[in-house]
Amino acid sequence: MATSLKNLSQHSDTNITDISHKKFGIVVSEWNEEITESLYEGAVETLRTHGAKKENIYRKNVPGSFELSLGAQWVAEVKEIDAVICLGCVIQGETKHFDFICDAVAHGITNVGLKYNKPVIFGVLTPDNQQQALDRAGGKHGNKGDEAAITAIKMLGF
Ligand SMILES: Nc1c(NC[C@H](O)[C@H](O)[C@H](O)CO)[nH]c(=O)[nH]c1=O
Ligand SMILES: CC(=O)[C@@H](O)COP(=O)(O)O
């Protein structure tokens with residue numbers, strides 16, 4: 001279902017796992033910082049609301065979304081980390097660069113989760129423009145960071 005038809009921050013709180021002792025790594029791209037900081041705030045707020053301890057949430061910055069995969073690997077290889085959330089925003093430009101980044105980061109993040117057998121969540125916005133990004137980073141369509149955090153929690157409960 002398209003995000004425009006649902007809210008990223010509306011989710012069922014039923015069957016949410018006890019995460020009071022779980023440790024989360026959040027990898028944040030510094031490109032489009034205004035957006036990614038909002039995603040980060042949404043993710044942390046959601047984790048804390050559902051019981052995660054502040055001291056169990058670790059942040060790792062990377063320059064851009066293309067670097068999220070390696071950043072996720074550096075975090076996922078730490079055995080104490082239970083789940084990794086990757087946050088970024090890749091905005092379409094004039095060239096195919098957008099496609100290459102999005103493809104690389106989607107595949108890269110997937111491979112890290114499979115390699116380390118732990119949830120590595122794709123919290124990357126891929127909008128056509130800045131307004132679409134703002135709408136999904138705490139705007140009218142909710143917050144992708146919130147959605148990513150809920151996804152991590154649900155995966156820990158499976
Ligand atoms: N244009 C965007 C980028 N570009 C930078 C790449 O992610 C990468 O850092 C560079 O190609 C060097 O490897 N990154 C974003 O996250 N968002 C963009 O809109
Ligand atoms: C997604 C990007 O890397 C973007 O900033 C590149 O813009 P352009 O395709 O106009 O070079």
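Heavy atoms only: backbone and side chains are in, while hydrogens, waters and symmetry mates are out. Ligands are counted one by one from 1 in listed order, and the atoms in each one are counted from 1 as well.
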Protein contact of atom 11 (O) of ligand 2 - nearest heavy atom, named by residue and atom, plus distance: T95 OG1, 3.7 Å

Which atoms from ligand 1 have a heavy atom of N32 less than 4.0 Å away? 17 (N), 18 (C), 19 (O)

Note: V120 and C86 closest approach over all heavy atoms is CG1-SG, 4.0 Å

How far is atom 17 (N) of ligand 1 from its nearest protein heavy atom, and which residue and atom is that? C89 O, 2.8 Å

Give me the nearest non-hydrogen protein atom to atom 8 (P) of ligand 2 as residue plus atom name, then the distance to 0.1 Å. E94 N, 3.5 Å

Less than 4.0 angstrom from a charged side-chain N to a carboxylate O is my criterion; do E41 and R59 meet it? no

Which option, Q130, H97, E30, owns the non-hydrogen atom nearest atom 11 (O) of ligand 1? H97

Short list, please: which atoms of ligand 2 are under 4.0 Å from a heavy atom of V90? 1 (C)

Can you name the atoms of ligand 1, numbered from 1 with element, that are less than 4.0 Å from a heavy atom of S29? 16 (O)

Around atom 6 (C) of ligand 1, find the nearest protein heavy atom and jot down its residue, atom name and distance. I101 CD1, 3.8 Å

Is the closest side-chain donor-acceptor distance between H107 and N111 under 3.5 Å? no

Could you pull out the closest heavy-atom pair between L39 and G88, with the gap in Å? CD1-O, 3.6 Å

What protein heavy atom lies closest to atom 14 (N) of ligand 1? Include the residue and the distance to one decimal. W31 CG, 3.4 Å

For ligand 1, the portion of S65 having any non-hydrogen atom under 4.0 Å away: both

Taking both backbone and side-chain atoms of F66, is any N or O found less than 3.5 Å from an N or O belonging to ligand 1? yes

Which of the atoms in ligand 2, numbered in the order shown and given with their element, are less than 4.0 Å from a heavy-atom of F98? 1 (C)

Relative to the heavy atoms of G64, which atoms of ligand 1 are at a distance of less than 4.0 Å? 7 (O), 9 (O), 16 (O)

Residue, atom and distance of the protein heavy atom nearest atom 7 (O) of ligand 2 read G93 CA, 3.7 Å

Hey, could you give me the CD/CD1 distance between Q92 and I101, rounded to the nearest 0.5 Å? 10.0 Å

Could you tell me which atoms of ligand 2, counted from 1 in the order shown, lie closer than 4.0 angstrom to a heavy atom of I101? 3 (O)

Inter-residue atom distance I35.CD1 - L134.CG, 0.5 Å rounding: 4.0 Å

Electrostatic pair E147-K144, nearest N-O below 4.0 angstrom: yes

Numbered in order shown, the ligand 2 atoms found under 4.0 Å of a heavy atom of I91 are 1 (C), 4 (C)

Which residue supplies the protein heavy atom nearest to atom 10 (C) of ligand 1, what is that atom called, and how far is it? E67 OE2, 4.2 Å

Can you pull out the closest protein heavy atom to atom 2 (C) of ligand 2? Residue, atom name and distance to 0.1 Å, please. H97 ND1, 3.6 Å

If you draw a 6.0 Å radius around CZ in F122, do more than 12 non-hydrogen atoms from other residues or ligands fall strictly inside? yes

Students should be able to answer this: which protein heavy-atom is nearest to atom 19 (O) of ligand 1, and at what distance? I91 N, 3.0 Å

If you count heavy atoms of other groups shown closer than 6.0 angstrom to CG of N117, is the number above 12? no

Distance (rounded to the nearest 0.5 Å) between L156 CG and D82 CG: 6.0 Å

Closest contact, heavy atoms only, I26 versus A43: CD1-CB, 4.4 Å

For ligand 1, is there an N or O atom under 3.5 Å from any N or O atom of P63? no

Minimum-distance pair of heavy atoms, taken over all atoms of S9 and N7: N-OD1, 2.6 Å

